[in-house]
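Here is the naming used below: chain letters follow the sequence lines, and residue numbers restart at 1 for every chain.
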Amino acid sequence: MSPDILDEAMEIWFGPQHVSAHGWATKLTLVGDYVVECDPNAGYFHRSAEKVLEFKNFRQGALVLERMCMLEAFLAEYPYVAAVEKIAEIEVPERAKIMRTIMMEMSRLHSIQFWWGQFNAELGFFTMALWPWVDREYSLDAFEELTGSRHTVSYSTPGGVKYDFTEKFMKQLHRAIDRFEDRLPKFRDMQMGSPTFRARTKDIGLYHYKQGLKWGLSGPPIKACGVPMDLRKDDPDPNLAYDMVDFEIPITENPEYPGSSDALDRMEQRFKEAEVAVDIIKQLLPQLPESGPIIDPKARAKANRLPEGEAYARVEGTRGVTSLWLKTLDKAQTAYRAKIRGPCIASYYALKDLVPGSKFADFIVIFGSLDPYPGWWDR
Amino acid sequence: MSTIGRAVINKIPEITSNALGDNKIELIVPAEKIREVITIIEEELEDAMPESVFGIDLENDQYQLIYIFWSWSTKTLVQLRVSLEGEKPEIESSCDIFPGLEWHEREVREMFGIDFKNHPDPRLLLLPDELDGAYPMRKRFTTDQSRLEESGIAPPRPRPKPEGGDSK
């Protein structure tokens, strides 16, 4: 790039006040309509969660974690709970394992429904923004009936789960799933059949999965390249019920560029992710025992003081590998060090290499298709 | 021992290993060998994904760095542990091998004061400029209100007195 081109360059900030920039700010250098430099900035949402975890006991800690990403709260809080269970050697009743897994997949469905609407709203395709958001309300109603809260659910706790499924909840759960399945063909037709949407997303934000892995991407952005990388199969957590279900990892293949994905593939991938989540729920519901304990009675005492240890717990979140590394000292009441690893730190960082060269209007398509959530990198 | 563990130890014999479970391995790496080890990981595990890098403050100027890599096709998790000491410890940056490590290294630098030599972009990542050099994740950084002035963050404003006359 010759220096005189840069003389005409214009720097603009995308965020933090922009409506599509929910708590992040990216400095873009534009020459004409093209982005030549992209500088993602983090820190607008930083709440020092890792330091806070050093002052919270092991039952309170999960509440901090779910605030990292409220859209997938059941998934977000789980790595902390799992790490505590590993160090304290807490057994989890089978019924609680299934209930956790069902709620985690519900959380995935809800998160995808929200992303779906948000991404379409950012593209100016408002019909497809509002339709999934209507369906999302059904999931939220079920969460509210189960836990008393729509977003900060605080469901998993060391040793099991906090609340049992009620009859009313089961009705609402079925209503949410049935409605999703009922409307899915219509949504798919509306979304993937829209020529405007296809034109705006085809070949936009194209990268090869090998490059993606170097950035640290995981989850749907990698699976959309045709790579079945999924912790639900590769490294399932022992206190979840993924071994009781038979499912295939959804992948999307780009016919023109094998091993790569564009924004259109990543949308297709989210459809498949939601379908598989519902499939897992439907397989688990009949296997749920009618009655039985939902929490290990000794867990509360065990989680009061933990022995010395280190544990690393991971779960396949909606956006990729979500994990927590925990270190405790002997007879610890609080964590000595807790490191939260959110998947989106990689997808936000990737913009730095991915965006330059594309048009300014495509920036939000690339950003939205990677589904970054600021809580995951700012913590 | 997993293949990658053997490959690393064959090339650099002073590295020791601990098993962490099935296909999970921890390597204790001297600080000056870190770039060599990460290069071997990059060559041997072609789908290695850098999960995170983070520091641990063990007090009395003792620090540890943990690097985590995951390879889905071989289902191998590699955890590297590096011990560092000193008031302001230093280590070579590895983000030219795995660009995904860049932000993690920036975060460790601002939170723990561990310097990454040859880092391309050593700005603050999450902290405001006033906290540069305060290293808030170190254990000696106390979080009570008495440090508020030192941090440069404005103290909370006193509540305005309610308008109107005395109720007496």
Side-chain angles (χ1 to χ4, degrees), chain A residues 39-52 54-55 86 209-218 222-223 227-231 233-235 238 249 310-312 314 320-325 327 329 336-343 345-350 352-353 377-379, chain B residues 18 20-24 26 42 45-59 64 66 68-77 79 81 95-104 106-108 110-112 120-121 123-129 131 136-139 141-143:
Chain A
D39 178 19
N41 277 268
Y44 291 84
F45 213 46
H46 180 55
R47 293 162 290 180
S48 56
E50 289 170 8
K51 193 79 176 174
V52 171
E54 290 176 14
F55 298 90
K86 273 187 190 172
Y209 79 91
K210 284 189 178 159
Q211 179 61 56
L213 289 170
K214 287 266 187 303
W215 288 323
L217 289 180
S218 51
I222 289 293
K223 282 185 262 184
V227 177
M229 169 181 171
D230 195 318
L231 288 180
K233 284 264 193 218
D234 297 340
D235 186 18
I249 298 167
E310 287 175 3
Y312 187 51
R314 305 190 292 167
V321 175
T322 309
S323 65
L324 188 120
W325 195 94
K327 177 184 172 71
L329 300 181
Y336 186 81
R337 173 81 170 106
K339 164 72 188 177
I340 305 163
R341 194 266 181 196
I345 187 163
S347 42
Y348 192 39
Y349 172 81
K352 196 175 166 179
D353 294 344
W377 64 75
D378 279 353
R379 286 157 280 142
Chain B
N18 297 327
L20 296 176
D22 312 338
N23 279 334
K24 292 180 184 164
E26 179 182 75
E42 200 250 344
L45 300 172
E46 62 172 25
D47 59 346
M49 191 266 278
E51 261 186 42
S52 66
V53 178
F54 54 93
I56 308 166
D57 180 4
L58 299 173
E59 300 186 271
Q64 278 184 347
I66 307 266
I68 295 175
F69 296 91
W70 166 246
S71 150
W72 71 272
S73 63
T74 55
K75 316 224 185 310
T76 314
L77 186 119
Q79 174 174 314
R81 191 183 291 260
C95 60
D96 52 328
I97 309 171
F98 284 103
L101 297 178
E102 187 180 324
W103 278 18
H104 295 279
R106 266 170 79 178
E107 194 189 327
V108 174
E110 67 178 3
M111 295 291 181
F112 289 91
D121 185 10
R123 288 176 297 166
L124 295 175
L125 180 71
L126 302 175
L127 293 180
D129 292 341
L131 281 176
M137 285 301 285
R138 285 187 175 180
K139 290 283 171 188
F141 182 93
T142 44
T143 47

| Given that the side chain runs from C-beta out, which part of A:E50 has a heavy atom under 4.5 Å from chain B: side chain, backbone, both or neither? | both
| Contact class of A:Y209 relative to chain B, heavy atoms under 4.5 angstrom | neither
| task | Please flag which part of B:R123 lies under 4.5 Å from any non-hydrogen atom of chain A: side chain, backbone, both or neither. | result | side chain
| field | chain A interface, residue from B:M111, B:K24, B:E107 that has the most non-hydrogen pairs under 4.5 Å | value | B:E107
| said: Between A:P343 and chain B, with a heavy-atom cut-off of 4.5 Å, which part of the residue counts as in contact: side chain, backbone, both or neither? | reply: neither
| What do the steps show when you test B:D57 against B:M137 for side chain to side chain contact (heavy atoms under 4.5 Å, CB included), and what is the final call? | CA-CA 8 Å; B:D57 180 4; B:M137 285 301 285; over 6 Å; no
| So, the side chain of A:D230 versus the backbone of A:I249: is there a donor-acceptor pair under 3.5 Å, distance only? | no
| Do the side chain of A:Y349 and the main chain of A:L217 share a donor and acceptor less than 3.5 angstrom apart? | no
| For chain A, which of B:L124, B:L101, B:I68 has the most heavy-atom pairs under 4.5 Å? | B:I68
| said: Less than 4.0 angstrom from a charged side-chain N to a carboxylate O is my criterion; do A:K214 and B:E42 meet it? | reply: yes
| query | Side chain of B:R81, backbone of B:I66: donor and acceptor closer than 3.5 Å? | reply | no
| field | Verdict with supporting geometry, A:M229 and B:M49, side chain to side chain contact (heavy atoms under 4.5 Å, CB included) | value | CA-CA 11 Å; A:M229 169 181 171; B:M49 191 266 278; 3.7 Å; yes
| said: Please classify the contact between B:D121 and chain A as side chain, backbone, both or neither, with a heavy-atom cut-off of under 4.5 Å. | reply: side chain
| task | Heavy-atom distances under 4.5 Å only: say whether B:E110 touches chain A with side chain, backbone, both or neither. | result | neither
